[in-house]
Amino acid sequence: MNYHSTRNRRLTASPSQAVLQGIAPDGGLYIGDVAHLGLDWREIITCDAQTMSAKILHAMLPDFPDMAGLIRRSYAGKFASEELTPLVQVGDRYVLELFRGPTSAFKDVALSVLPHLVTEAQKVQRQDGDVVILTATSGDTGKAALEGFHDVPGTRIVVFYPYGGVSAVQQLQMTTQEGSNVKVCAVRGNFDDAQTGVKQVFAACAGKDLGGAHLSSANSINIGRLAPQVMYYFKAYGDLVKAGRIAVGDKVHFVVPTGNFGDILAGYFAKKMGLPVGMLVCASNQNDVLTEFLTTGRYDRRRPFYKTSSPSMDILVSSNLERLLYLMTEDDAAVARWMRQLNEEGAYEVSAQVLQKLKAEFACGCCDDGRCGDTIGSVWQQHRYLCDPHTAVAWAVADAFAAACHDGAPVVVLSTASPYKFPAAVLHALGREAGEDEFAMMAELHRLTGVPVPAGLAGLREKEVRHGDVIDKEDMLDYVLRFVRG
Ligand SMILES: *Cc1c(COP(=O)(O)O)cnc(C)c1O
């Protein structure tokens, strides 16, 4: 399989080149023909999680040698269980727990693999010099990327996060990061400012002498970040078959808490590979730009930006939607036009025909902080299952979806983070005073529910803060250049 830019089909790259570059030179995202990989999905769903991952990645990234070995090295000792992503029944619904990795967010599934893909791609391409990973984070990608890349020879990493825009736990996870090749910096602005800033640094550095270094991305704009996520849809499906809940070939609906549209797009890739995915339900918080788009066909980022209790979804420019638009239309010129309009005017609108195609595969819904908190409370009361605010947004949207869709197919809610990453919101939802100290809140939450605190979070308090930089978004380029050259 070869890749090309979503904005220009003639701008091609091999899989390893696409992983190294992160983003296409014209600002488009790399995409390939995932529908014709020749994968036998019926066989894949019988495999264990790591074998599934290796088979899918081998098909998606065929110029990497020994994908099975790469996957083994990626996950060795990192996840709570060999299963990687357990499926848990909660009432008549299922929760796909994606947060059992080292940083307690779903990003670990892919970011455990990406550093190995990057260093392998350097070998395949015979590229000398360091790869410098630039990452904008709404809270979870940053830590998962730091955890993956710290002290990996031949790589360095810079993480930008919105100042005051992440939870205290998330911030400490990043600012205490050890490693000789890492840099963590707050940007005055929101996530979209940080993400736009990173894209501008890429554009400004294209063709510049970076002292032999090369820039790449750990965000889901990088196909090497997206591809490892396809596995867990197969895993959930296989588990439902094993449990006797469905027969092979029956469809399953997935409800996905969505920000940059990476997770849900991986589900669409799985569907294109043949997996019987029913509806993919896109769940948003109060930043409901995707709900509006999937309802009206009009994408308009000119709207208030809300800081919510599910900060990893506080996003108005949802990058991977661009890949979906390409897959739906196969019209690179149209995608280029829409993205130019989004950039210059802040909005674009797809045709009624494209909207109809989208609606056939994607449902949507949104949920504000009030309903999110109520949902955490009621799921705990009814099922004794503790979910984080992102998962609760999806659960609430799943309620509305299930009320409208009575086809009897199982509904799987993707759970993207541990509740202990957001102790204030979760405690408040359980009717307790949250207080100031997030570690005291974790302890209180544990006392109340008995749910174990993940080891990586429990040990944070003792760690030394190593990264205190705060800059304006205009200064991101200088900051990166100093790091790269310095
Ligand atoms: C990143 C993240 C999301 C959003 O995922 P996308 O792939 O960007 O749509 C949702 N929940 C949590 C906890 C996250 O960290």
Side-chain angles (χ1 to χ4, degrees), residues 29 85 95-111 114 135-147 159 161-162 165-167 169-170 173-174 191-192 194-195 217-223 225-230 232-233 254-270 280-285 287-291 293-294 308-324 362 364 366-367 372 376 387-395 397 413-423 425-426 454 457:
L29 306 187
T85 57
V95 175
L96 179 56
E97 293 187 340
L98 304 175
F99 58 82
R100 299 291 182 188
T103 78
S104 306
F106 89 86
K107 311 289 200 289
D108 288 325
V109 179
L111 282 164
L114 184 65
T135 296
T137 184
S138 56
D140 291 327
T141 299
K143 176 59 185 178
L146 289 164
E147 193 59 35
V159 171
Y161 68 92
V166 302
S167 82
V169 170
Q170 288 177 313
Q173 278 188 302
M174 293 188 278
F191 170 71
D192 287 309
Q195 174 159 265
S217 167
N219 286 100
S220 51
I221 55 177
N222 192 326
I223 192 70
R225 167 67 198 285
L226 204 52
Q229 295 182 229
V230 176
Y232 41 71
Y233 291 89
F254 290 92
V255 187
V256 188
T258 295
N260 236 346
F261 214 79
D263 220 354
I264 193 167
L265 187 70
Y268 188 63
F269 282 8
L280 287 158
V281 186
C282 175
S284 302
N285 62 27
N287 295 295
D288 57 356
V289 64
L290 287 167
T291 313
F293 174 68
L294 291 169
T308 73
S309 62
S310 46
S312 299
M313 294 151 67
D314 291 347
I315 291 177
L316 296 181
V317 180
S318 190
S319 297
N320 273 296
L321 189 62
E322 177 169 353
R323 283 193 169 104
L324 180 64
F362 290 86
C364 61
C366 55
C367 164
C372 170
I376 293 172
C387 58
D388 99 291
H390 304 75
T391 309
V393 165
W395 188 282
V397 171
V413 171
L414 272 62
S415 178
T416 47
S418 159
Y420 285 102
K421 269 196 125 161
F422 307 95
V426 176
L457 299 182

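Values below: every heavy atom of this structure, side chains too, minus hydrogens, waters and symmetry copies. FYI, the numbering just counts along the sequence from 1. One-based numbering, in listed order, for ligands and for the atoms of each.
- For the side chain to side chain donor-acceptor pair (under 3.5 Å) test, residues two or more places apart in sequence or in another chain that qualify with Ser415 are Thr391.
- Separation of the Phe269 and Tyr233 ring centroids does not fall under the 6.0 Å cut-off.
- Checked by atom type, the side-chain pair Asp314/Thr308 shows a donor-acceptor distance below 3.5 Å.
- In this structure, ligand 1 sits under 4.0 Å from heavy atoms belonging to Phe106, Lys107, Asp140, Pro257, Thr258, Gly259, Asn260, Phe261, Gly262, Asp263, Ser312, Met313, His390, Thr416, Ala417.
- Legend: residues meeting salt bridge (Lys or Arg N to Asp or Glu O under 4.0 Å) with Lys143, ordered by chain and number and at least two apart, are Glu147.
- When His390, Gln170, Lys107, Gln173 are each tested for a side chain to side chain donor-acceptor pair (under 3.5 Å) with Asp140, only one passes: Gln170.
- Partners of Asp288 according to the side chain to side chain contact (heavy atoms under 4.5 Å, CB included) rule, which considers only residues two or more places apart in sequence or in another chain, are Thr291, Arg303, Cys366.
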